[in-house]
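To start, the structure under review is shown below, and the notes come after it.
We count ligands from 1, going down the list as the structure has it; atoms in each ligand are counted the same way. Reckoned from all heavy atoms, side chains included, excluding hydrogens, waters and symmetry mates.
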Amino acid sequence: MSDPKSAEGAVLALNAGSSSLKYQLLHPDTEDVLADGIAERIGEHDSSITHEQGGESVTEVRALPDHRAAVESAMAFFADRGTDLATVGLRAVGHRVVHGGRIFHQPTLVTTEVISEIRRISTLAPLHNPANLIGIEAVRALLPEVPSVAVFDTAFFHSLPDAAATYAIDRGVASMHAIRRYGFHGTSHEFVSGQVAEFLGRPVGEVNQIVLHLGNGASASAIAGGRPVDTSMGMTPLEGLVMGTRSGDIDPGIVMHLNRVAKLGVDQIDTLLNKQSGLKGLCGENDFRTITEKIEAGDAGARKAYDVYIHRLRRYIGAYMIELGRVDAITFTAGVGENAAGVRADALANLQNYGIVIDDERNALRGRYARRISADESTIDVLVVPTNEELAIARQSAEVVAQL
Ligand code: ADP
């Protein structure tokens with residue numbers, strides 16, 4: 001960016017994962033992206049950071065022991081390119097926070113009390129909220145004059161109907177320990193469902209839809225007239241679809257069995273189900289590109305992993321069609337959903353009796369733009385819509401700051 005003034009009024013959107021930190025500097029109104037970057041493998045021996053600004057991309061392998069170091073490295077990249085984020089006139093820093101518990105239903109201005117509350121509910125998301133908090137605190141220390149806004153992954157789903165949000169366990173225990181289905185990827189499901197309505201040229205309040213967010217983490221949602229009626233992730237992001245490294249739904253009895261018979265402790269089971277399961281657990285790979293190559297080379301393990309993935313996905317699609325009654329659109333988004341045409345075709349194969357027909361040529365097109373992949377005779381529109389969580393975070397943060 002040659003003119004640092006062009007960052008005036010921009011928002012820095014930060015998305016801290018358990019071992020990564022993605023960031024983007026953008027104007028929420030014009031959607032103009034000034035810079036973005038990603039720090040990966042934070043806390044591991046081969047951590048690296050990539051920063052892209054003004055058409056130039058730099059990747060450096062460097063020690064990033066924690067998320068604070070990642071935030072500091074990102075800030076240093078900006079400073080080296082003449083963008084001092086402390087003085088450039090940022091409107092806000094928007095932080096993705098994974099778990100909002102029972103408290104946070106809206107994007108929220110970060111204060112000391114808000115930080116304490118997010119820390120208090122970290123027991124609900126021990127892999128995520130602590131990383132989010134370190135990001136928030138590092139930014140507040142480095143940019144004390146810029147308002148920080150927390151945007152919660154659970155917020156969109158806070159209005160899930162009781163029947164969908166409730167686990168059939170002892171009511172007293174559930175209430176005491178805040179056990180219910182919260183849902184995640186809410187920023188993406190809300191953003192994409194809005195884009196779908198725009199694409200169809202209808203008010204979101206009129207559209208019944210299923211959104212399939214298939215990335216490394218994956219979740220499905222059923223949305224009736226803009227309000228979520230069900231979603232596949234639960235109290236934690238572990239429930240639901242088969243994911244890159246997470247198991248998704250399993251019989252809870254397996255956890256007891258692993259403890260009693262395999263003698264695994266709770267942290268080992270946590271790691272097994274969150275990091276060593278899903279596609280990776282089934283075939284050793286969690287990247288769909290590699291899995292597709294392996295299937296083409298005749299690898300039986302990769303084939304089985306793929307089949308389990310598709311089976312689970314179809315199960316959720318079927319359930320949500322019944323829950324919604326009338327479905328106007330089914331939409332694929334995120335890394336796998338936007339790119340893997342085979343997954344889209346297999347997820348919705350042989351459903352012509354239910355009004356779903358994929359057009360193979362449309363489905364084979366590539367690109368980061370919203371498009372219809374269903375055939376003209378399909379009564380349900382099947383779409384691919386790129387998600388943009390950073391833009392959604394930036395917009396929501398700007399709205400909060402505008403009300404100050
Ligand atoms: P997350 O934000 O959950 O880390 P993304 O939405 O970026 O994940 O999705 C990442 C996943 O998308 C990768 O692990 C990979 O499996 C899949 N993916 C990305 N590009 C392609 C592609 N061209 N074909 C198939 N899968 C892809």
Side-chain angles (χ1 to χ4, degrees), residues 13-24 36-42 48 50 52 70 96-98 125 127-128 131-132 151 153 183-189 191-192 195 211-221 231-233 236-248 274-297 299 302-303 305-306 308-310 312-313 331-347 363-369 371 373 384-393:
L14 281 190
N15 182 350
S18 52
S19 67
S20 69
L21 175 84
K22 291 186 202 162
Y23 58 91
Q24 207 171 81
D36 60 19
I38 180 167
E40 294 176 278
R41 294 178 297 282
I42 295 171
S48 68
T50 299
E52 205 168 326
R96 176 183 180 206
V97 177
V98 166
L127 297 180
H128 296 96
N132 302 149
V151 177
D153 236 27
F184 297 86
H185 289 150
T187 309
S188 178
H189 285 279
F191 176 82
V192 169
Q195 297 289 112
V211 175
L212 305 167
H213 176 113
L214 310 178
N216 210 0
S219 60
S221 67
T231 192
S232 60
M233 286 177 166
T236 76
L238 188 52
E239 188 178 341
L241 301 175
V242 175
M243 311 184 209
T245 63
R246 295 186 206 132
S247 62
N274 273 295
K275 304 219 163 127
Q276 298 159 357
S277 296
L279 295 167
K280 193 175 182 86
L282 287 168
C283 73
E285 299 288 345
N286 61 311
D287 193 305
F288 245 97
R289 287 161 288 200
T290 320
I291 291 173
T292 312
E293 282 164 22
K294 284 187 145 188
I295 292 172
E296 280 163 11
D299 186 300
R303 177 82 241 172
Y306 182 85
V308 175
Y309 183 94
I310 297 291
R312 183 84 50 85
L313 191 53
T331 303
F332 291 87
T333 193
V336 177
E338 291 169 32
N339 294 298
V343 168
R344 298 193 295 256
D346 290 334
N363 188 30
L365 295 176
R366 304 187 61 85
R368 266 192 78 76
Y369 59 96
R371 56 195 184 271
I373 60 165
V384 175
V385 173
T387 191
N388 192 338
E389 287 167 290
E390 285 74 19
L391 176 60
I393 289 169

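One distance of note links OG1 of Thr245 with CG of Asn274; it measures 7.0 Å at 0.5 Å rounding.
Regarding atom 25 (C) of ligand 1, its nearest protein heavy-atom neighbour is Arg289 CG, 3.7 Å. In this structure, the protein non-hydrogen atom closest to atom 16 (O) of ligand 1 is Phe288 N, 2.7 Å. For atom 15 (C) of ligand 1, the nearest protein heavy atom (residue, atom name, distance) is Asp287 OD1, 3.4 Å.
Not a single side-chain hydrogen bond (donor to acceptor under 3.5 Å, both in side chains) links Asp36 to another residue, sequence neighbours left out. Among residues two or more places apart in sequence or in another chain, the side-chain hydrogen bond (donor to acceptor under 3.5 Å, both in side chains) test is passed with Thr333 by Glu338.
Residues Leu214 and Phe288 fail the side-chain proximity criterion, which asks for heavy atoms closer than 4.5 Å.
Among the atoms of Ala334, none of the N or O lies under 3.5 angstrom from an N or O of ligand 1. Here's the thing with Gly335: one of its N/O atoms is less than 3.5 angstrom from an N/O atom of ligand 1. For ligand 1, one of its N or O atoms has an N or O atom of Asn216 under 3.5 Å away.
Note: His213 and His185 have parallel aromatic rings, judged against thresholds of 30 and 60 degrees for the angle between ring planes.
Of the heavy atoms in Lys22, only side-chain atoms (C-beta onward) come closer than 4.0 Å to ligand 1. Contacts with ligand 1 closer than 4.0 Å are made by side-chain heavy atoms of Arg366 only, the backbone lying farther away.
Between the side chain of Arg41 and the main chain of Ser19, no donor-acceptor pair closer than 3.5 Å is present. With Arg246 contributing its side chain and Pro237 its backbone, the two residues share a donor-acceptor pair below 3.5 Å.
Not a single heavy atom of Gly244 sits less than 4.0 Å from an atom of ligand 1.
Taking every non-hydrogen atom of Asn339 and a distance limit under 4.0 Å, the qualifying atoms of ligand 1 come out as 19 (C), 20 (N), 21 (C), 22 (C), 23 (N), 24 (N). Distances below 4.0 Å separate heavy atoms of Val336 from the following atoms of ligand 1: 12 (O), 16 (O), 17 (C). Close approach of ligand 1 to Gly217 is summarised as follows: ligand atoms under 4.0 Å from at least one heavy atom of the residue are 3 (O).
The heavy-atom pair separating Ser188 from Thr387 by the smallest distance is OG-OG1, 2.7 Å.
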